[in-house]
Amino acid sequence: METMQKGSKWSCFVLNDNGTWTQPTYRLSHDMTEQEFSEAVLADFGHNDFLVVGIGPDEDCPDDEFVREFA
């Protein structure tokens, strides 16, 4: 797995409680592992019992309304 470095953008798929998927993109506020990223995404969505898969770099995502920041 690539190193997830501060300032880089990563997307993933999040399984929602209604069975649908969401594909958010985040700009990292600090270096993190894939596990830390997954936990932060779940906390951001409030779905601590659901699934994050397909984590990958997403430098092509625009920097405006589509990129989320972790709290």
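Keep in mind that the numbers below use all heavy atoms, side chains included, and drop hydrogens, waters and symmetry copies. One-based numbering along the sequence shown.
For the atom pair Asp17 CG and Phe50 CZ, the distance stands at 5.0 Å (nearest 0.5 Å). The CE atom of Met4 sits 8.0 Å away from atom OG1 of Thr33, with the distance rounded to the nearest 0.5 Å. Atom CG of Leu28 and atom NZ of Lys9 lie 11.0 Å apart (nearest 0.5 Å). Rounding to the nearest 0.5 Å gives a distance of 12.0 Å between CZ of Arg68 and OG of Ser11. Note that CZ of Phe66 and OG1 of Thr25 are 9.5 Å apart. Values are rounded to the nearest 0.5 Å.
With sequence neighbours excluded, no residue forms a ring-ring contact (aromatic ring centres under 6.0 Å, His included) with Phe13. Partners of Glu69 by side chain to side chain contact (heavy atoms under 4.5 Å, CB included), not counting sequence neighbours, listed by chain and number: Arg27.
By the 4.5 Å heavy-atom criterion applied to side chains, Cys12 and Val41 are counted as neighbours. At a threshold of 4.5 Å between non-hydrogen side-chain atoms, the residues Glu59 and Ser8 count as touching. Put simply, the side chain of Val14 does not reach to within 4.5 Å of the side chain of Trp21, judged on heavy atoms. Ile55 has its side chain within reach of Trp10: a pair of non-hydrogen atoms, C-beta onward, lies under 4.5 Å apart.
Between Phe70 and Tyr26, the ring planes are parallel. Angles under 30° get that label, and only those over 60° would be called perpendicular.
Under the 4.5 Å side-chain contact rule for hydrophobic residues, Val67 and Phe45 do not share a cluster.
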